[in-house]
Amino acid sequence: MIKKCLFPAAGYGTRFLPVTKATPKEMLPILTKPLIQYGVEEASDAGMDIMAIITGRGKRALVEHFDISYELEHQIKGTSKEELLRTTRDIMDKCTFTFTRQTEMLGLGHAILKGEPLIGNEPFGVILADDLCSNDEGENVLAQMVKIYDRYKCCVVAIQEVPKEETYKYGVIDGKEIEDDVFIVSNMVEKPDPADAPSNLAIIGRYILTPDIFRTIEETKPGKNGELQITDALMNHAKKGMVLAYKFKGKRFDCGSVDGFVQATNHFYAKMKKEEK
Ligand code: G1P
C-alpha cells in the first residue's frame, strides 16, 4: 500500500507574475478550488492519506488552506455557504498534512530529497500540482500508476505524447513497450532540444518512487540549468534496476502556463455545468 504523497511546492511560479508575487502558484484556483487541492484529492482517491508538502518562503497559505478557520466557519455555520467548504473539510478529515521547507531552489530532485524525513523508508507518490490531470472515463492518473506499481514494485513515471518541437519543456524518455502503454525506460533526458530528444514521450508531473531513490538522488550531479533533476536521478536508477514509464489515460493541463490554465478552467467549467443539469 502506498500511503504517502509528496507535493514539491516551493517554486516561485514566475510565469504567473504578478499574481504569484505574494500568492503561491499552487493556490491559484481552477473554478473555486486551488490547484493543490485537486492534487491532494487525486492522491486521496488513489488511496494515500498522508500528504507531505514541500513549501518555501511566502507559501504559508498552503498550510492555512488545510487547517480549520474557526472564525470563518463560525460566521457561515448554518448558512448555505457552509456547503462551499465541504470538499476542503472532507479532505482534511481523511488526510494528515505534513510540511517541510525547501530553503534553496536547487531543482526538483533536491525538493524530493528534502521530503525524505516526511516519507521515510516506504514507496510514495509525487504530484506536481501545476500539472492538473483529469480522467472523466475512469480512475485518476495516480490511481492508475499505483496499479502498475503493485505489479512491478519499481519507480513509475507518467508520460504523454507531445509534439516533437515541445520536448524542450519536459523530461523525455525512451524505452521498450512491455505491455500496452507501459515502457521499460532505457533513456531519460531533461528538457532536450527537439533535435536531441530520444522520443516525443514527455514526463508529466506524476511519479511513484521507491525510497532507494533518495540515495540515487544524493549520488546524482546537477544537470540542466545547474539543478538537481529527478529525471537524471531516475536515469541513474534505471541503470541499476527497472524504471517504468506509463502512458496514462486521461487529460493533463499545464497550469504552470496561461494557456493550460485557461484550458483547465474551461474544461472544469463545462464539466460543472454538465453535472448541474
Ligand atoms: C518538471 C520536470 C520535467 C517534467 C515536468 C512536467 O519540470 O523536471 O521532467 O517533464 O516537470 O511538468 P518543470 O515543468 O517543473 O520545469
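Computed from a predicted model, the values in this text were never measured in an experiment. Just follow the structure's listing: the first ligand is 1, and inside any ligand the first atom is 1.
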Under 3.5 Å between any N/O of [X] and any N/O of ligand 1: does that happen in this structure?
{"X": "Lys191", "result": "yes"}
{"X": "Thr231", "result": "yes"}
{"X": "Glu190", "result": "yes"}
{"X": "Leu108", "result": "no"}

Partner set under side chain to side chain donor-acceptor pair (under 3.5 Å) for Tyr246, not counting sequence neighbours: Gln144

Going by the 4.0 angstrom heavy-atom rule, the piece of Leu128 near ligand 1 is side chain

For atom CG of Asn121, is the number of surrounding heavy atoms from other residues, nucleotides or ligands below 6.0 Å larger than 12? no

Considering residues, nucleotides and ligands other than Lys271, do more than 12 of their heavy atoms fall under 6.0 Å from its NZ? yes

Please identify which of these residues, Arg57, His110, Lys114, meets the side chain to side chain donor-acceptor pair (under 3.5 Å) condition with Gln102. His110

Does a side-chain heavy-atom distance below 4.5 Å link Phe124 with Ile213? yes

If you draw the axis of the six-membered ring of Tyr170, does the NZ or CZ of Lys191 fall within 45° of it and under 6.0 Å from the ring centre?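 Pair Lys191/Tyr170 does not count as cation-pi.
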
With a cut-off of 4.0 Å, which atoms of ligand 1 are near a heavy atom of Tyr170?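 Listed by number with element: 10 (O).
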
Can you tell me the protein heavy atom closest to atom 12 (O) of ligand 1 and the distance? Asp131 OD2, 2.7 Å

Looking only at protein heavy atoms, which one is nearest to atom 5 (C) of ligand 1, and what is the separation? Ile203 O, 4.0 Å

Within 4.0 Å of atom 15 (O) of ligand 1 (strictly less), any protein heavy atom?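 It does not: no protein heavy atom is found less than 4.0 Å away from atom 15 (O) of ligand 1.
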
Could you name each residue pair satisfying salt bridge (charged side-chain N to carboxylate O under 4.0 Å, His left out) that touches residues 201-216, not counting sequence neighbours?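 For residues 201-216, and leaving out neighbouring residues, the salt bridge (charged side-chain N to carboxylate O under 4.0 Å, His left out) pairs sorted by first residue read Glu42-Arg206, Glu116-Arg215, Arg215-Glu218.
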
